[in-house]
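Order of the sequence lines fixes the chain letters, A, B, ..., with proteins taken first and strands second; residue numbering starts at 1 for each chain.
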Amino acid sequence: MSTTLADLIVGEIGIIDDIPIDSVPLKLLEMGCLPGKQVELMQIAPLKDPLYIKVNGSHLAIRKETASLIKVTKIKNLCDILKS
Amino acid sequence: MRHSEVINVALVGNPNTGKSLLFNQLTGLNQKVSNYPGVTVEKKTGTSKMQGEVFAKITDLPGTYSINPSSLDENIVLQTFIGIDKKNYPDVVVVVADVENLKRNLFLFSQIKDLEIPAILVINMSDRMEKRGISIDIELLKKELKSEVVLISARKRLGIGKVKRAIINYKEANTLKIADIADRIDAQFFKELKEKFNDTSLYKAWLLVTQSHNLTSVPPKFIDRIESFKADKVKFNKMQNKETILRYQYINHILKKTYTTDAEKATGMRHKIDKVLTHKIFGYLIFAFILLLIFQSIFDWATVPMDLIDSTFANLSEWTKNQLPEGVFSNLLVEGIIPGIGGIVIFIPQIAILFLFIAILEETGYMSRVVFLMDKIMRRFGMSGKSVVPLVSGTACAIPAIMAARNIEGWKERLVTILVTPFTTCSARLPVYAILIALIIPQQRILGIFSLQGLALMSLYLLGFTSAIASGWLLNKTLKVKGKSFFIIEMPAYKIPSLKNIVFTVLEKTKAFVFGAGKIILAISIILWFLASNGPASFDNAEEIVKSKVENKQLNKDELEKHIATYKLENSYIGIAGKAIEPAIKPLGYDWKIGIALITSFAAREVFVSTLATIYSVEDNENTNTIKERMGAEINQDTGKKRFNFPVGMSLLVFYAFAMQCVSTLAIVKRETNSWKWPLLQLFGMTALAYLASFITFTVLS
Ligand SMILES: Nc1nc2c(ncn2[C@@H]2O[C@H](COP(=O)(O)OP(=O)(O)OP(=O)(O)O)[C@@H](O)[C@H]2O)c(=O)[nH]1
Ligand SMILES: [Mg+2]
C-alpha cells in the first residue's frame, strides 16, 4: 500500500506523487497543492482531523478524507531533520 | 463643458490580502477588515477621487483563489467578469496580492490577465518583507508579467498614490494574455473554441463553457454556442487540472528570477505559536479560557459605566418631565421613549467589550485556528469548522453572521449553519435578559467572585449555543440535501492587530447597533402609543362606563383616574389585540400587557423593554423612576402578587432564548437561501419550541 498525506506524522515531509482529480476538489490544486511539490504535515487537530499542511508556500487545513487521497513519497522524517 | 471621467475599478485578489483595507483608504468608506479568509462576502462599491476631474468607481469583491469558484462568495467574482451585466464591467482590475505568498496570488492574476482586460498587480503588505526575508525585483517582474506592478503597504499607507496613478493611466495597461497555455492544454479543443467564439477572449469563452453551471445568467448570444461545447465533466476537469499545473509552471519560472525568500524567517514564529494554540489539550483549554475571559469581563468591566448610564437616563427623564407640561404625550416621551432608548444605551459598554474581543480574535488570526480545532466536532452536528465564524459573530448580530456562511463550500453545511445561527445570543437579546435577570435573580456572589446574575446571563449564552448545536444535529439527521462537502481553509499568518482598525471596528459596530435599535424603538413606541391611546367606541366612553361601574365604591380622584386609565388601555386597539392573545399565553404565565410586548418583539426583540415602558406609561401617571422599578411594581391581578416573579421571569427568558423574533433575520435567510421555506421553518419551528419550553418552565417552577 502506498503512502498518503494522511499517513505522515507531524513534522514529516513528502513529495506529492499523485492527486486524483475526480475526487479532490480543484480548489486544492489551485491553491498550490500540486504533484511534484513538497508537502509538510505541520499539525494534526486534536481529534485527528483536519490536518494542517504546508505546501508550495501555502498553509492550509484540509480534512483527513481529502488527505488520504493524495499519494506522497516521504523524503525526510523528523529525526533526519534534527540530525542534519 | 468637459464631463468628469469615471473609471470602473474592480478590486480582486486572494482572500485576506488587504483588498478591503485598500478599498477603505481609496474611498473613505469602512468595509470590514479582518485577519481571516472570507471576510468580505458581497460586493461593495464606493467612489474615489483620483485626480482633478477623474473619479473612480471602486468595487471591493470577496476574495478568491481562482476565477473558478468553489463557494458562493467566490462566485461573485466570476459573475463580475463573465456575467450578463455589461454596465458594471470593470475598465481595469486591480489584483491585490500578498507579498508573503506571491506565487499563489499570481495564479489568479494570470487568469485575470488572460481575460484580456487591463489589470494592475498591487503587491500588498510590503511592511512584512523585511521580517520575512523577502526581496522582489519589481522592474523585472513588470517586464516578465507585461503589466504594471505596484508595491504597497495598505496598513502603513505606503504607495496608495502609486495605485491611484496606475488606475488613472489604465489605458496604457495592455490587454495581453500572459500565460499562453491553451495550446498545451488541448490544441484541438481550443482551436475549435476560438473559431466559434471569435467575438470574445479565448479565456472568457473557456470560462463560459466550463462554468456555465455557476452562472445565474449567461449573455444570450452565447447560449447556443456554450451548449455545443458541452462535454462530460471528467474531460473538463482534466483540462482544468492541466491548466492549473501549467499556470504554476509559468509562475514558478518568473518568480525564480524575481523573488527570493528566507524560508526559516518566513514561518518560524507562526510554527511555534501554532504548536501551542492548536495543541491537543492546550488548544481547547486556551479556547475555553478565552471564552470565560470574555464573559467575565463583559460582566465585571461593564458595571461601572452601566450604572453611570442608568442614572444619567433616569435624570434625563426626570429633567424632561419637569420641562414639559403634563399630558399623555410627555408621558410617552418621559416614560416610554427615553427609558426605552436608555434601555439600549445602557448596554453599550457590554456590547462594546464583546465586539472588542471578537475583533481581537479576528484580527490576530486566531479565528482560523478555532475553525481548525472545531471542524471535526462541528461536522457531527451537520456543520463545518467554518460555521464557527457565523456562530461566534452571531453573538453580535445574526444578520452579518448568516451572510458570513457564504464562505462555507457545502450547501448542506451552509444551510444548517444559516438555520441554527439565530439561536446564538445576539446583542438584541441582551437588554431583555438583563432586565429580567435583574428582576428575578438576587444580587449575590457565590464563592465571593462569581456574581449570580452574571452566571445566569452566561447560562443563557450557553443555552443559545447548545440549542444551535442540538438543532444542527437534528437538522443533520432529517434534512435530505444532496451535495458533496469539502473543507479547505487557509491558515493566515498571525498579526499584531492594528489598534486603529480595532477601535474603529468596535465604534462602528456599536454605533450601528445603537442607531439601528434606536430607530426601531422610536418607531414602535410611537405606533404603540397611538394604538394605546385610541380605540373603538368603548374606549371613547371610558369615563362614563368606569364611573357608572364604580358608583357605589368610595374612590378618591386618583383611584378613579387610575381605573379609567386602565379601562382605556384595555379597550384601546392594542389592548384588544393583547387581550385577544391572552388565552394563548396565559399557560406561560403572561398577561395581555406582556402579550403586547411579545407581539412587537416579533419585529425585533430589543423593543420588549420599551414596549412595556410605553404601555405602563400610558396607563399610569405616577412617579416611577426606571422601567425596572415599574416592572417590579407591576401586580398580577389574579394573585395580587408581583407580576414578574421567578416562574414568569424564567419562562420569559426561555421564550426569548428560543423564539425567532427578528424580521430582518427572516428577510436575510430568505435572500441567502432563495426560498421562503427556510425562514418559515425557523419562524414556526423556533417559536413553537419557545412556546413549549416556556410552558414547561412555567409549569415546573410554579
Ligand atoms: N501588515 C500588514 N497587514 C495588512 C496590510 N494590509 C492589510 N493588512 C491586514 O490584512 C488582513 C486582511 O485585510 P482585509 O482588507 O480584510 O483583506 P481582504 O482582502 O479584504 O480579505 P477578504 O475580504 O477575506 O477577501 C487584516 O488583518 C489587515 O489588517 C498591510 O499592508 N500590512
Ligand atoms: Mg475584504
With a 4.5 angstrom heavy-atom cut-off, is it the side chain or the backbone of [X] that approaches chain B, or both, or neither?
| X | answer |
| --- | --- |
| A:Leu51 | backbone |
| A:Thr66 | neither |
| A:Leu29 | both |

Heavy atoms only: give me the nearest A:Gly32-B:Tyr248 pair and the separation to one decimal.
N-OH, 3.3 Å

Measure across A:Leu60 and B:Met491 and return the closest heavy-atom pair with its distance rounded to 0.1 Å.
C-CG, 4.4 Å

Taking the side chain as every heavy atom from C-beta outward, state whether [X] and [Y] have any pair of such atoms under 4.5 Å apart.
| X | Y | answer |
| --- | --- | --- |
| B:Lys103 | A:Asn56 | yes |
| A:Met31 | B:Phe107 | no |
| B:Arg379 | A:Asp49 | yes |
| A:Met42 | B:Asp274 | no |
| B:His271 | A:His59 | no |

Between [X] and chain A, with a heavy-atom cut-off of 4.5 Å, which part of the residue counts as in contact: side chain, backbone, both or neither?
| X | value |
| --- | --- |
| B:Asn252 | side chain |
| B:Ser70 | side chain |
| B:Asn101 | side chain |
| B:Glu243 | neither |
| B:Lys233 | neither |
| B:Gln111 | side chain |
| B:Ser384 | both |
| B:Phe372 | both |

Charged N to carboxylate O under 4.0 angstrom, A:Lys54 versus B:Glu490?
no

Does the pair A:Asp22/B:Lys238 count as a salt bridge with the N-to-O cut at 4.0 Å?
no

Between A:Cys33, A:Pro50, A:Gly36, A:Pro35, which has the largest tally of heavy atom pairs under 4.5 Å with chain B?
A:Pro50

Let's test your reading of the structure: which of A:Ile44, A:Leu47, A:Val24 forms the most heavy-atom pairs below 4.5 Å with chain B?
A:Leu47

How long is the straight-line distance from [atom2] of [Y] back to [atom1] of [X], given to the nearest 0.5 Å?
| X | Y | atom1 | atom2 | value |
| --- | --- | --- | --- | --- |
| A:Lys48 | B:Lys280 | NZ | NZ | 5.0 Å |
| B:Ile488 | A:Leu28 | CD1 | CG | 4.5 Å |
| A:Tyr52 | B:Lys275 | OH | NZ | 10.0 Å |
| B:Ile245 | A:Leu34 | CD1 | CG | 6.0 Å |
| A:Ile19 | B:Asn241 | CD1 | CG | 8.0 Å |
| B:Tyr65 | A:Ser58 | OH | OG | 7.5 Å |

Is B:Trp411 atom CH2 crowded by more than 12 heavy atoms from other residues, nucleotides or ligands, each under 6.0 Å away?
yes

Answer yes or no: are there more than 12 heavy-atom neighbours, outside A:Lys64 itself, under 6.0 Å from its atom NZ?
no

I'd like to verify something: which residue of B:His279, B:Glu413, B:Glu74, B:Met374 has the highest number of heavy-atom pairs under 4.5 Å with chain A?
B:Glu413

With no hydrogens and no angle check, do the side chains of B:Thr244 and A:Glu30 hold a donor and an acceptor under 3.5 Å apart?
no

